[in-house]
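Single-structure report; data block below.
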Amino acid sequence: MLKTLPSVQSVDEALNPVLRQMEDRGVLLDVGYLETVAVDLADQLAELERQIFEAVGHPFLISSPKQLGQVIYSELHLDQADGVNIRKKTTGLSTGAAELAKLQGSHPVIDLILKYREVGKLLSTYVLPLPQLVDSSNRLHTSYAPNAASGRLSSRKPNLQNIPIRTELGRTIRRAFIASPGTILVSADYSQIELRVIAHLSQDPTMLEVFQTGGDIHAKTSEALGIGRRAAKAVNFGIFYGLSAYGLAESLAVSREEAQTFIDGYLGAYPVAAAYIDQLIRQARESGYAETMLGKRRLLPELSSHNEYIRRAAERVAINHPIQGTAAEIMKLAMVLVPKELADHTCCPMILQVHDELIFEVQADHLEAVAPRVVKVMEGVIELAIPLLVDLETGPNWAEMVARPRAQKNTVGL
DNA sequence: TAGACTGGCGCC
DNA sequence: AAACGGCGCCAGTCTA
């Protein structure tokens, strides 16, 4: 446990050799498997293309937003239906997935385009490029760097922080990230770290109580607002992104008025957190910057802009930076301390970081010893007003991970 | 033909 | 115009 806070600079310095080791070690990719996925997806894509041309009556470049917009808006007039409001971009009506979703049911081509986009994205971003990037042992090596603005790490060439997980098809790609023979992948992720950081920084008593008693913050919000869990999650996350009633209405597909009642309900349920958000904006406007727990500053001169759009964007950053940045700092501290704890880490190298998650490749016979130590170090990195909780998962690949129950306190004396 | 820009979308 | 923070990568398009 840290007595006094280190500087951002000293953390980044200590982190550097850790990152280089992770990059050097890399992660094993099942190249043969991914090549069979490639064939399957390429077939699917060709068939979808055929069906789209048939539905529309002529061929065109489906992946060109310009041509696609021409087809669905100028030719088919799908934006003209009642109650449909398609967002505009600088060059015309948007053809993004959220807008196409509003058109579902109005024409059979919409579902085909959404599927085409999903398959095409996975094929061109992951399935085809990744096998080209492995070394002679089929391992992938990314490059990590702390980001200048946010303090978070970024991963590039290839980016291993955006490997699909959300859809079933996406998980077929994640399955290609495998544990080498004799090892197991261990994932340790901070549970709701941003929300805990908000609770700590704001000292909102209701939030503190939820986290101190092992409660469920989404359930709490859901109950307080009388809304479903999905909507409650959107509100909980949206608040620290500085969301508007408009944005919440869009993402939940509810009316603006309804979205506003959700936001008002949130501010009523967590009044101290609400005041804290106001204070973040005020402080940043007065000082000219937003600041994290370790004092990383982000200059925000736009807070004084007379352009409302520019000013609002800066206000959202003033809210988000201290929260996202502080969470990133907690993770960086963990990344420095965990390898120290596992002093001889040839048994269990840390190989990946995805913002709130660390992945280790652990020799099977070391799992029982290593797992509780990783959790203990991560949870003890710093003392906040509420506990930090780490969830552990293990598996043969990155798609098929199962929760590893927390060690029980031995109260029965067996 | 290379590089910049735009829209789009994968993750947290 | 765009409307929710932080990233990196892709295809298509535009421009020098």
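Just so it is clear: chains get the letters A, B, ... in the order the sequence lines come, proteins before strands, and each one is counted from 1.
Taking only side-chain nitrogens and oxygens, A:K66 comes nearer than 4.0 Å to OP1 or OP2 of C:dC14. Between A:S244 and C:dA3, a side-chain N or O to OP1/OP2 separation shorter than 4.0 Å is absent. A:S64 has a side-chain polar atom (N or O) that falls below the 4.0 Å cut-off from OP1 or OP2 of C:dT13. A:T125 has no side-chain polar atom (N or O) that falls below the 4.0 Å cut-off from OP1 or OP2 of C:dC10. Proximity of A:S63 to the phosphate of B:dG8: no side-chain N or O atom is located under 4.0 Å from OP1 or OP2. Of the side-chain N and O atoms in A:S150, none sit less than 4.0 angstrom from OP1 or OP2 of C:dG5. In terms of phosphate contacts, A:Q67 brings a side-chain nitrogen or oxygen within less than 4.0 Å of OP1 or OP2 of C:dT13. One finds no side-chain N or O of A:R312 lying less than 4.0 angstrom from the OP1 or OP2 phosphate oxygen of C:dA3. An OP1 or OP2 oxygen of B:dG7 is reached within less than 4.0 angstrom by a side-chain nitrogen or oxygen of A:T90.
Using a 4.0 Å cut-off between charged side-chain N and carboxylate O, A:K88 and A:E99 make no salt bridge. A salt bridge links A:R229 with A:D216; the closest basic N to acidic carboxylate O contact falls under 4.0 Å. In summary, A:E361 and A:R25 do not engage in a salt bridge, as defined by a charged side-chain N under 4.0 Å from a carboxylate O. The pair A:E329-A:K332 does not meet the salt-bridge criterion, since no charged nitrogen lies less than 4.0 angstrom from a carboxylate oxygen.
The interatomic distance linking A:L114 (CG) with B:dG7 (C1') rounds to 15 Å, in whole Å. One interatomic measurement links the two molecules: CD1 of A:I113 to C1' of B:dG8, which rounds to 14 Å at whole-angstrom precision. As rounded to whole Å, 13 Å separates atom P of B:dC12 from atom CG of A:L160. As a whole-Å value, the separation of A:Q161 CD from C:dG5 P is 19 Å. Put simply, CG on A:L303 is 13 Å from P on C:dG5, counting in whole angstrom units. A straight line from CD1 of A:I163 to C1' of B:dC9 spans 13 Å, rounded to a whole angstrom. A:D189 has its CG atom 15 Å from the P atom of B:dC11, to the nearest Å. Atoms NZ (A:K121) and P (B:dG8) sit 12 Å apart, rounded to a whole Å.
On the P atoms, C:dA2 is 10 Å away from B:dG8, given to the nearest whole Å. Between B:dA4 and C:dC4, the distance separating the two C1' atoms is 27 Å to the nearest Å. When the P atom is compared between C:dA3 and B:dG7, the two are found 11 Å apart, to the nearest whole Å.
Checking C:dG5, C:dA11, B:dG8 against the side-chain heavy atoms of A:R316 singles out C:dG5 as nearest. In the set B:dG8, C:dC4, C:dT13, C:dC4 carries the atom at the smallest distance from any side-chain atom of A:S251. Comparing atom distances between the A:K88 side chain and each of C:dC10, B:dC12, C:dA2 picks out C:dA2 as nearest. The side chain of A:R166 lies closest to B:dG10 when the candidates are B:dG8, B:dG10, C:dC4. Out of C:dC10, C:dG6, B:dG10, the shortest distance to the side chain of A:R298 is found at C:dG6. Distances from the side chain of A:K89 to the nucleotides B:dG8, C:dA3, C:dC7 place B:dG8 closest. Counting only heavy atoms from C-beta on, A:Y309 has its side chain closest to C:dA1 among C:dG6, B:dG8, C:dA1.
When each of A:V317 and A:N307 is assigned the nucleotide of DNA chain C bearing its nearest heavy atom, the one mapping closer to the 5' terminus is A:N307. Along DNA chain C, the nucleotide nearest A:R156 and the nucleotide nearest A:L243 are compared for position; the residue whose nucleotide lies closer to the 5' end is A:L243.
In terms of polar N and O atoms assigned as donor or acceptor, the side chain of A:Q324 comes within less than 3.5 Å of the base of C:dG5 in a complementary pairing. One can find a donor-acceptor pair under 3.5 Å joining the base of B:dC12 and the side-chain atoms of A:R152. Side chain A:N162 to base B:dG10: a donor-acceptor pair is found below 3.5 Å.
Among the candidates A:H321, A:R298, A:R297, the single residue satisfying the side chain to side chain donor-acceptor pair (under 3.5 Å) test with A:Y289 is A:R297.
At the heavy-atom level, A:I165 lies under 4.0 Å from the strands shown only through sugar-phosphate atoms. Counting non-hydrogen atoms under 4.0 angstrom, A:L61 reaches the backbone sugars and phosphates but no base. In this structure, A:A245 reaches neither bases nor backbone, as no heavy-atom distance under 4.0 Å exists between it and the strands shown. Heavy atoms of A:A97 sit under 4.0 angstrom from primed sugar atoms or phosphate atoms, though from no base atom. A:G96 comes within 4.0 angstrom of sugar-phosphate atoms only, judged by non-hydrogen atoms across all strands, and of no base.
Under the 30°/60° scheme for interplanar angles, the aromatic rings of A:F177 and A:W398 are found to stand perpendicular. Ring geometry, A:Y270 versus A:Y266: the interplanar angle falls from 30° to 60°, so the pair is classed tilted.
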Would A:E194 and A:R152 satisfy salt bridge (Lys or Arg N to Asp or Glu O under 4.0 Å), going step by step from the backbone distance to the final call? CA-CA 13 Å; A:E194 283 99 347; A:R152 271 185 169 192; 3.8 Å; yes

